**Student:** 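Just passing along the structure, written as structure tokens.
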Amino acid sequence: MLDARYLRENLETVEARLKTRGAGVDLERFRQLDGSRRELLQQTETLKALRNKVSDEISRIKDKSQAQERIAEMREVSQRIKGLDEELKGVEEALENFLLTVPNIPFASTPVGTSEADNVEIRKWGEKPAFDFAPKPHWEIGESLDILDFERGAKLAGARFTLYKGAGARLERALINFMLDLHTERHKYLEMLPPFMVNRESMTGTGQLPKFEEDLFHMEGVDYFLIPTAEVPVTNIHRGEILRATDLPLCYTAYTPCFRKEAGSYGKDTRGLIRQHQFNKVELVKFAHPADSYSELDKLLDDAEEVLRLLELPYRVVELCTADLGFSAARTFDIEVWLPGQDCYREISSCSNFEDFQARRASIRFRADEKSKPEFVHTLNGSGLAVGRTLVAILENYQQANGSVIVPEALRPYMGGIEKIA
RNA sequence: GGAGAGAUGGCCGAGUAGGUCGAAGGCGCUCGCCUGCUAAGCGAGUAUACUGGGAAACCGGUAUCGAGGGUUCGAAUCCCUCUCUCUCCGCCA
């Protein structure tokens, strides 16, 4: 959520910068709502001040029969206050609802673009493997090794669900543990294991609601949502809190499954593990001092890249252009891993700085020092990494001519020492 | 699922025959003084949001005692609904 005061004072600038995202925002509506809010506020508060003053006087009068006239007056004042408050409430709700649907302002240097084609490649790492045979896509490898069962996944739940079997299940689990160990032991993140369902407030805090409810699985009977990413519960850990500046940055990592409806992606990535309703992810989340948030973003990105470097999987980093930026993000770098079976790079991590956008929604603040006023922290997060897609990358990059798959060396301790899935 | 108890400021904890309560007291913390031996004493300060004025320092107004609604001139205090926490019973990995 953007700061109403900042918006009020910089309406044109904000409007121009939001336009680069491609979504037009009618800030005139804001101007109207904000104006009438302040007008109503002044009216009702003036009356309340009067009422408080007279009520105080009444309390001093011993003989209440002497106060009847003023009581009658105040009765009327109270009625007017009630009316104004009701009107004000309506305006404030409308204003709040409006502000909750306005996306974040892109970072100053974010490349301006009109589609994902305008994303900018920042760097590449690793050598694409050379094959003396035609590399297969992971769904073929997985099925012929009998470690991924798409048909039975569909039988159990439906399309976009997969059953992992044997070495496939173990590989997924090994990856989760490998990533968590790396981030906790080497990168010094604190591990969290949060609820996989959250309430409406949490979803609003990170920006999934109110705008994107159709992407979420909602429980029947209770107002809970399945989390689409650990970002939601982990960022909301400090919702409504005031943190100590000396504790920043707070760096958390969490493994969770993620649940997404993938509405609007019919026919897209229908084969294999790329786009599932349920997938595993290890997430990195930071709460940072505003002055440090962009250097923290660089570090977070590097922490995520480290997973691929250790697994020796080729990848590239791209910076998202204004049109491709997520609703809450100010700046985002995607890590894309090389998938030889599909002859393309695919997103495996998305690392963003949300600046104070989520912090304002969720009221996550810090005090620079004892005396100063609380300020909003900057929140950041990134996948470190999407586990299913990492498994995909391993299958495709480490596949052999005979159909087997070599286990990356860094992963072998997590796989009971086995070197090959055959 | 059944029965009961509770939710006050950073923490602890007063405050229910409605007014002088943004809220006693203590702890903690900050600043100053004193003292001097590793601690104590004294004084002052110490919530947040919105909003009006001001260049600013700052001054004023309103709201907030779990959340929302009601009664009343006036509610932390009375009434209703909800949420959460705790205890006991049942069930259960």
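The analysis underlying the following values was restricted to heavy atoms, covering all of them including side chains, and did not include hydrogens, waters or symmetry mates. This is a predicted model, so every value here is computed, not measured. Convention: sequence-line order gives letters A, B, ...; per-chain numbering from 1.
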**Student:** Work out how far the P atom of B/A40 is from that of B/G22, and round it to whole angstrom.
**Tutor:** 34 Å
**Student:** Reckon A/R38 has a side-chain N or O less than 4.0 Å from the OP1 or OP2 of B/G52?
**Tutor:** yes
**Student:** Looking at B/G6, which nucleotide sits across from it as a Watson-Crick or G-U wobble partner, both distances under 3.5 angstrom, or is there none?
**Tutor:** B/C84
**Student:** With both distances under 3.5 Å as the test, what is the Watson-Crick or G-U wobble partner of B/G90?
**Tutor:** none
**Student:** Please report the distance, rounded to the nearest Å, between CG in A/L47 and P in B/U51.
**Tutor:** 19 Å
**Student:** Under 4.0 Å: is that the gap between some side-chain N or O of A/R37 and OP1 or OP2 of B/U51?
**Tutor:** yes
**Student:** From the list B/C50, B/G74, B/U62, which nucleotide is the closest neighbour of the side chain of A/N52?
**Tutor:** B/U62
**Student:** Can you tell whether the side chains of A/E213 and A/R200 come within less than 4.0 Å, N to carboxylate O?
**Tutor:** yes
**Student:** With both distances kept under 3.5 Å, what pairs with B/G18, Watson-Crick or G-U wobble?
**Tutor:** none
**Student:** Testing the 3.5 Å rule here: is there a donor-acceptor pair between the side chains of A/R331 and A/Y294?
**Tutor:** no
**Student:** How close or far is atom C1' of B/U72 from atom CD of A/Q79, stated in whole angstroms?
**Tutor:** 11 Å
**Student:** Using heavy-atom distances to pick each residue's nearest nucleotide on RNA chain B, tell me which of A/L50 and A/K373 is more 5'.
**Tutor:** A/K373
**Student:** Which nucleotide, B/C50, B/A63, B/G74, lies nearest any side-chain atom of A/L41?
**Tutor:** B/C50
**Student:** Taking pairing as Watson-Crick or G-U wobble with both contacts under 3.5 Å, can you name the mate of B/G32, or confirm there isn't one?
**Tutor:** B/C42
**Student:** Starting at CD of A/E375 and ending at C1' of B/U48, how long is that distance when rounded to a whole Å?
**Tutor:** 15 Å
**Student:** Charged N to carboxylate O under 4.0 angstrom, A/E375 versus A/R365?
**Tutor:** no
**Student:** Within a 6.0 Å radius of atom CZ on A/R275, are there more than 12 heavy atoms belonging to other residues, nucleotides or ligands?
**Tutor:** yes
**Student:** To the nearest angstrom, how far is A/Q43 atom CD from B/G61 atom C1'?
**Tutor:** 15 Å
**Student:** If the C1' atom of B/C11 is compared with that of B/C65, how far apart are they to the nearest Å?
**Tutor:** 16 Å
**Student:** In the strands shown, is B/C65 matched to any nucleotide by a Watson-Crick or G-U wobble pair with both distances under 3.5 Å, and which?
**Tutor:** none
**Student:** Taking atom C1' in both B/A23 and B/A93, compute the distance separating them and give it to the nearest angstrom.
**Tutor:** 47 Å
**Student:** For atom P, what is the distance between B/G90 and B/G6, given to the nearest Å?
**Tutor:** 24 Å
**Student:** Is the shortest distance from a Lys or Arg side-chain nitrogen in A/R244 or A/D247 to a carboxylate oxygen in the other one below 4.0 Å?
**Tutor:** yes
**Student:** Taking atom C1' in both B/C31 and B/G25, compute the distance separating them and give it to the nearest angstrom.
**Tutor:** 23 Å
**Student:** B/U64, OP1 or OP2 - any side-chain N/O from A/K48 closer than 4.0 Å?
**Tutor:** no
**Student:** With the side chain of A/R365 defined as its heavy atoms from C-beta on, choose the nearest nucleotide among B/U51, B/C73, B/U48.
**Tutor:** B/U48
**Student:** What is the distance from CD of A/Q42 to C1' of B/G53, rounded to the nearest Å?
**Tutor:** 11 Å
**Student:** Are any of A/S78's side-chain N or O atoms less than 4.0 Å away from OP1 or OP2 of B/G74?
**Tutor:** yes
**Student:** Between B/G9 and B/A76, how far is it from one C1' atom to the other, in whole Å?
**Tutor:** 13 Å
**Student:** If you look at every strand shown and take non-hydrogen atoms under 4.0 Å, does A/K89 touch a base, only sugar-phosphate, or nothing?
**Tutor:** sugar-phosphate
**Student:** At under 4.0 Å, does any side-chain N or O of A/R51 touch on OP1 or OP2 of B/G74?
**Tutor:** yes
**Student:** Are any of the side-chain nitrogens in A/D215 or A/K261 under 4.0 Å away from the carboxylate oxygens of its partner?
**Tutor:** no
**Student:** By nearest atom, which of the nucleotides B/U62, B/G52, B/C73 is closest to the A/E45 side chain?
**Tutor:** B/U62
**Student:** Taking pairing as Watson-Crick or G-U wobble with both contacts under 3.5 Å, can you name the mate of B/G60, or confirm there isn't one?
**Tutor:** B/U51
**Student:** Of the nucleotides B/A63, B/U48, B/G52, which has the atom closest to the A/R367 side chain?
**Tutor:** B/U48
**Student:** Distance check needed: B/U83 P versus A/D223 CG, whole Å only.
**Tutor:** 12 Å
**Student:** For B/C73, take OP1 and OP2 only and decide whether either is under 4.0 Å from a side-chain N or O of A/R70.
**Tutor:** no
**Student:** Identify which nucleotide among B/C73, B/A49, B/G52 has an atom closest to any side-chain atom of A/P374, counting heavy atoms from C-beta outward.
**Tutor:** B/A49
**Student:** May I ask which nucleotide in the shown strands pairs with B/A75, Watson-Crick or G-U wobble, both distances under 3.5 Å?
**Tutor:** none
**Student:** I want to confirm an ordering. Mapping A/V54 and A/R5 to their closest nucleotides on RNA chain B, which one lands closer to the 5' end?
**Tutor:** A/R5
**Student:** Using the side-chain heavy atoms of A/R8, tell me which of these nucleotides is nearest: B/A63, B/C73, B/U51.
**Tutor:** B/U51
**Student:** Return the pairing partner of B/A24 with a 3.5 Å limit on both distances, Watson-Crick or G-U wobble; otherwise return none.
**Tutor:** none
**Student:** Given the P atoms of B/G15 and B/A7, what is the spacing between them in whole Å?
**Tutor:** 11 Å
**Student:** Determine the interatomic distance between C1' on B/U71 and the same-named atom on B/C80; round to the nearest Å.
**Tutor:** 11 Å
**Student:** Answer with yes or no after comparing the ring centroid distance for A/F225 and A/F217 against a 6.0 Å cut-off, counting only values under it.
**Tutor:** no
**Student:** Going by distance alone, is a donor N or O of one side chain under 3.5 Å from an acceptor N or O of the other, for A/E283 and A/T253?
**Tutor:** no
**Student:** What's the CD-P distance between A/E69 and B/C73, to the nearest Å?
**Tutor:** 15 Å
**Student:** Just how far, in rounded Å, is P of B/A63 from CG of A/L88?
**Tutor:** 13 Å
**Student:** If you measure only the distance, is there a donor-acceptor pair under 3.5 Å linking the side chains of A/D149 and A/Y164?
**Tutor:** no
**Student:** Hey, is the side chain of A/K82 poking within less than 4.0 Å of OP1 or OP2 on B/U71, counting only N and O atoms?
**Tutor:** yes
